[in-house]
Amino acid sequence: MFDGPYRRMVALLDRERDFLRRGDVRGAADLADAKERLIAALQARQPTADEVETLRRKADRNQALVDAAGRGIEAARDRLDAIRRGRDIHAYAANGTREVIRPPENRLQKRA
């Protein structure tokens, strides 16, 4: 029932998930060529409905991780932009309380 290309695709999607869970977006992206080759191999032999459903679930799971990584990158970019612009930053302390971190004031002194 489950032949080589199917097993390899399942393993590849699980490996992709591991990369994404570790935050290794580049490692996950490096699997793209192998995924394309396996998709072509699977299409050539017409996978069963069960195989397609399993692969769809795994791919959807991984896409949710990719989306979350994208949101995290965007949030980090926004935070860095706020720091560059000298805005207050809201963060959580080790004890869980919310704190405001204010940027240092620029204090230029003119000397005579």
Side-chain angles (χ1 to χ4, degrees):
M1 177 173 157
F2 301 127
D3 70 348
Y6 171 78
R7 284 193 312 270
R8 287 194 308 271
M9 180 61 92
V10 166
L12 186 118
L13 290 171
D14 289 342
R15 186 170 171 214
E16 180 182 55
R17 176 180 182 252
D18 292 342
F19 278 127
L20 293 168
R21 291 188 65 184
R22 287 193 316 261
D24 187 352
V25 177
R26 177 167 290 197
D30 288 345
L31 301 176
D33 288 339
K35 278 189 351 185
E36 286 181 28
R37 285 190 302 274
L38 286 171
I39 288 169
L42 284 166
Q43 287 174 334
R45 72 152 197 76
Q46 299 179 350
T48 67
D50 288 343
E51 290 173 331
V52 170
E53 180 58 24
T54 298
L55 294 174
R56 185 195 58 77
R57 277 188 278 120
K58 287 180 178 286
D60 287 349
R61 171 198 66 194
N62 290 0
Q63 186 60 52
L65 292 171
V66 169
D67 293 345
R71 289 190 303 274
I73 291 167
E74 187 63 33
R77 184 179 299 138
D78 291 346
R79 180 71 57 112
L80 288 171
D81 186 51
I83 291 168
R84 274 190 226 106
R85 294 176 188 266
R87 296 183 185 151
D88 291 349
I89 302 297
H90 299 273
Y92 291 94
N95 65 3
T97 60
R98 189 166 187 210
E99 295 184 355
V100 176
I101 302 170
R102 298 197 189 321
E105 295 181 23
N106 290 329
R107 296 180 188 199
L108 297 177
Q109 296 178 353
K110 291 186 179 182
R111 296 185 183 203

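It should be emphasised that the depicted structure is a prediction, and the values quoted were computed from it without experimental measurement.
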(request) Let me see the working for D78 and R87 under salt bridge (charged side-chain N to carboxylate O under 4.0 Å, His left out), right down to the final yes or no. (result) CA-CA 11 Å; D78 291 346; R87 296 183 185 151; over 6 Å; no
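In this structure, L38 and Y6 have side chains that are not in contact, with every pair of non-hydrogen atoms separated by 4.5 Å or more. Inter-residue side-chain proximity for T48 and E51 is flagged as met; some heavy-atom pair is nearer than 4.5 Å. The shortest distance between side-chain heavy atoms of R17 and R61 falls below 4.5 Å. With contacts defined as side-chain heavy-atom distances shorter than 4.5 Å, the pair R79/H90 does not qualify. Between V100 and I89, the closest side-chain pair of non-hydrogen atoms is not below 4.5 Å. Side-chain atoms of L31 and F19, non-hydrogen and from C-beta on, do get closer than 4.5 Å to each other. Between L42 and L55, the closest side-chain pair of non-hydrogen atoms falls below 4.5 Å.
Taking the side-chain hydrogen bond (donor to acceptor under 3.5 Å, both in side chains) definition, one finds that E36 meets it with nothing, sequence neighbours left out. Checked against side-chain hydrogen bond (donor to acceptor under 3.5 Å, both in side chains), R37 has no partners two or more places apart in sequence or in another chain.
Salt bridge status for R71 with E74: absent, with no side-chain N to carboxylate O gap under 4.0 Å. Salt bridge annotation for D60-R56: present, with a cationic side-chain nitrogen under 4.0 angstrom from a carboxylate oxygen.
Sequence neighbours left out, the pairs with a member in residues 22-35 that pass side chain to side chain donor-acceptor pair (under 3.5 Å) are E16-K35.
In this structure, I101 is not a member of the same hydrophobic cluster as Y92, with clusters built from ILVMFWY side-chain heavy atoms closer than 4.5 Å. Linking Ile, Leu, Val, Met, Phe, Trp and Tyr residues whenever their side-chain heavy atoms come within less than 4.5 Å places L12 and I39 in a single cluster.
Between A59 and L13, the closest heavy-atom pair is N-CD1, 4.3 Å.
Residues N95 and T97 bring a donor and an acceptor atom of their side chains to less than 3.5 Å of each other.
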